[in-house]
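In what follows, a single structure is set out as structure tokens and then discussed.
Counting from 1, the numbers follow the sequence of the chain as shown.
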Amino acid sequence: SQAYVDGSIDQVHLANAIVNEAKMQISNAPTNGYMLTAQSGNTGGLTWAAAGGGAMEFINTTDISDAATYNFTAFDSSKYDAYVLYVMNMLPASDGKSLYCRTSTDGGSNYDSTGGDYGWSSSSRGGGESYITHGWGRICAGVGNETNEPGVSVTITIFAPHLAKPTMINSTGVYNLPQDPGTFALPRDIHSIIVRQANTDVDGFRLYFSNGNIQEGTVSVYGVVNS
């Protein structure tokens with residue numbers, strides 16, 4: 001075999017895709033989703049590390065079919081400061097129903113439902129209403145399931161649910177206002193803010209319609225990384 005002098009192999013004489021992770025001096029073992037970072041005090045000066053705070057990390061996706069509720073309980077205060085739920089084409093089994101939410105403090109075993117547990121405000125096309133007396137928070141009203149009504153699609157953000165403070169929730173999205181069957185419905189924006197009115201943490205989140213099941217829909221959840 002040919003002998004090489006130390007430092008004599010330059011970039012030109014390296015084959016493509018020849019250097020793998022095992023041949024690099026990295027100070028720790030890899031974890032899926034981590035980034036390679038410069039750390040001058042570590043072996044080789046390279047270390048695998050989680051993305052910096054504020055980055056979005058995928059948690060899970062749920063496809064819903066004829067279910068009474070959608071429940072999210074994968075809260076992890078050691079990793080996430082907030083959660084973002086992308087609710088796509090959530091369709092009620094019955095026409096013209098409101099989409100509500102509730103929260104849990106015991107991992108989803110029970111969801112708070114007493115009158116006054118939630119304050120909420122909802123607006124669409126400049127008009128709106130607010131309440132502080134209900135046992136639920138309203139995401140959207142009047143969601144149809146007739147022809148050309150694709151349900152409601154919203155982005156829901158749950159802020160700092162691990163803190164023993166009132167948990168604040170923001171929702172914004174779009175749905176089609178029910179019209180005569182067979183015609184294209186009128187697109188409407190929807191914006192809702194909801195506050196769980198108690199100084200307690202939240203570790204469960206539920207979506208459901210005011211009457212009947214969720215016929216279909218998809219929810220994808222991301223966590224906002226805290227470090």
Side-chain angles (χ1 to χ4, degrees), residues 56-76 80 82-104 107-113 117-118 120-125 128 134-159 161 167-194 196 202-224:
M56 298 271 281
E57 183 175 279
F58 173 74
I59 298 177
N60 61 39
T61 290
T62 302
D63 292 320
I64 307 164
S65 178
D66 193 26
T69 64
Y70 161 80
N71 301 316
F72 173 72
T73 58
F75 288 80
D76 186 348
Y80 309 118
Y83 301 81
V84 180
L85 288 74
Y86 293 98
V87 180
M88 293 164 279
N89 300 106
M90 186 167 282
L91 193 70
S94 303
D95 188 46
K97 303 306 175 186
S98 295
L99 181 62
Y100 294 154
C101 72
R102 283 176 172 157
T103 62
S104 171
S109 295
N110 299 279
Y111 284 85
D112 301 309
S113 59
D117 278 349
Y118 305 89
W120 61 268
S121 178
S122 183
S123 62
S124 178
R125 206 175 62 174
H134 291 153
W136 37 262
R138 195 178 78 188
I139 301 292
C140 182
V143 182
N145 73 347
E146 300 288 350
T147 302
N148 298 322
E149 292 177 342
V152 60
S153 294
V154 292
T155 302
I156 300 172
T157 305
I158 306 172
F159 299 97
T167 297
M168 292 180 283
I169 301 167
N170 181 75
S171 171
T172 185
V174 62
Y175 72 113
N176 274 3
L177 187 69
Q179 300 288 301
D180 293 332
T183 64
F184 283 101
L186 179 66
R188 294 287 290 271
D189 67 301
I190 182 69
H191 179 215
S192 297
I193 53 175
I194 300 154
R196 172 65 179 96
V202 162
D203 55 15
F205 182 76
R206 166 173 287 179
L207 292 173
Y208 67 102
F209 282 108
S210 52
N211 183 266
N213 282 359
I214 302 170
Q215 180 173 309
E216 62 185 39
T218 298
V219 183
S220 294
V221 185
Y222 292 78
V224 179

Exercise. Do the non-hydrogen side-chain atoms of Asp189 and Val174 ever get within less than 4.5 Å of each other?
Worked result: no
Problem set entry | Check: Pro150 main-chain N/O paired with Asn89 side-chain donor or acceptor under 3.5 Å | yes
For this session: Give a yes or no on whether the backbone of Gly135 and the side-chain of Asp117 come within a donor-acceptor separation of less than 3.5 Å.
Result: no
Problem set entry | Short side-chain to backbone donor-acceptor contact, Asn71 and Arg206, under 3.5 Å | no
For this session: Compare every heavy atom of Asn60 with every heavy atom of Ala74, then report the nearest pair and how far apart it is.
Result: CB-ND2, 4.2 Å
Problem set entry | Sub-4.5 Å side-chain heavy-atom contact between Met90 and Val152 | yes
For this session: May I ask you to establish whether Arg196 and Tyr118 are in a cation-pi arrangement, using a distance under 6.0 Å from NZ or CZ to the six-membered ring centre and at most 45° from the ring axis?
Result: yes
For this session: Of all the heavy-atom pairs spanning Tyr111 and Gly108, show the shortest one and how long it is.
Result: CE1-O, 3.3 Å
For this session: Side-chain contact test, heavy atoms from C-beta onward, threshold under 4.5 Å: evaluate it for Thr103 versus Ile169 and give yes or no.
Result: yes
Problem set entry | Contact check, side chains of Phe209 and Gln215, non-hydrogen atoms, under 4.5 Å | no
Exercise. Is Asp112 paired with Arg102 through a side-chain N to carboxylate O contact shorter than 4.0 Å?
Worked result: no
Problem set entry | Test item: Tyr83 and Ile59 side chains (from C-beta on) under 4.5 Å apart, heavy atoms | yes
Problem set entry | Distance, nearest 0.5 Å, that separates CH2 of Trp120 from CD1 of Ile193 | 11.0 Å
Exercise. Under 6.0 Å from the CE atom of Met88, do we count more than 12 heavy atoms belonging to anything else shown?
Worked result: yes
Problem set entry | Atom of Pro92, atom of Gly144 and distance for their closest heavy-atom approach | CD-O, 3.8 Å
Exercise. Partners of Tyr100 by ring-ring contact (aromatic ring centres under 6.0 Å, His included), sequence neighbours excluded?
Worked result: Trp136, Tyr208
For this session: For side chain to side chain contact (heavy atoms under 4.5 Å, CB included), just list the numbers for Val221 and Phe205, CA-CA rounded to whole Å, side-chain angles, deciding distance to a tenth of an Å, and then say yes or no.
Result: CA-CA 11 Å; Val221 185; Phe205 182 76; over 6 Å; no
Exercise. Under 4.5 Å between any side-chain heavy atoms of Thr157 and Met168, yes or no?
Worked result: no
For this session: Give the minimum heavy-atom separation between Ala82 and Pro161, together with the two atoms involved.
Result: CA-CD, 4.5 Å
Exercise. Which one of Ile139, Ile64, Thr155, Val154 satisfies the side-chain contact (heavy atoms from CB on, under 4.5 Å) criterion with Val87?
Worked result: Val154
For this session: Find the distance between OG1 (Thr73) and CG (Asp203) and round it off to the nearest 0.5 Å.
Result: 8.5 Å
Problem set entry | Side-chain heavy atoms of Val219 within contact of Phe72, under 4.5 Å | no
Exercise. How many angstroms lie between atom SG of Cys140 and atom NE2 of His191, to the nearest 0.5 angstrom?
Worked result: 12.5 Å
Problem set entry | Interatomic spacing from OG in Ser153 to CG in Leu91 - rounded to 0.5 Å | 10.0 Å
Problem set entry | Residue list, ring-ring contact (aromatic ring centres under 6.0 Å, His included) with Tyr86, at least two apart or on another chain | Tyr222
For this session: Output the distance between atom CD1 (Ile190) and atom CG (Leu99), rounded to the nearest 0.5 Å.
Result: 10.0 Å
For this session: Can you measure from CG (Asn211) to CG (Asp95) and round to the nearest 0.5 angstrom?
Result: 11.5 Å
Exercise. Is a side-chain donor or acceptor of Ser104 paired with a backbone partner of Asn110 at a separation under 3.5 angstrom?
Worked result: yes
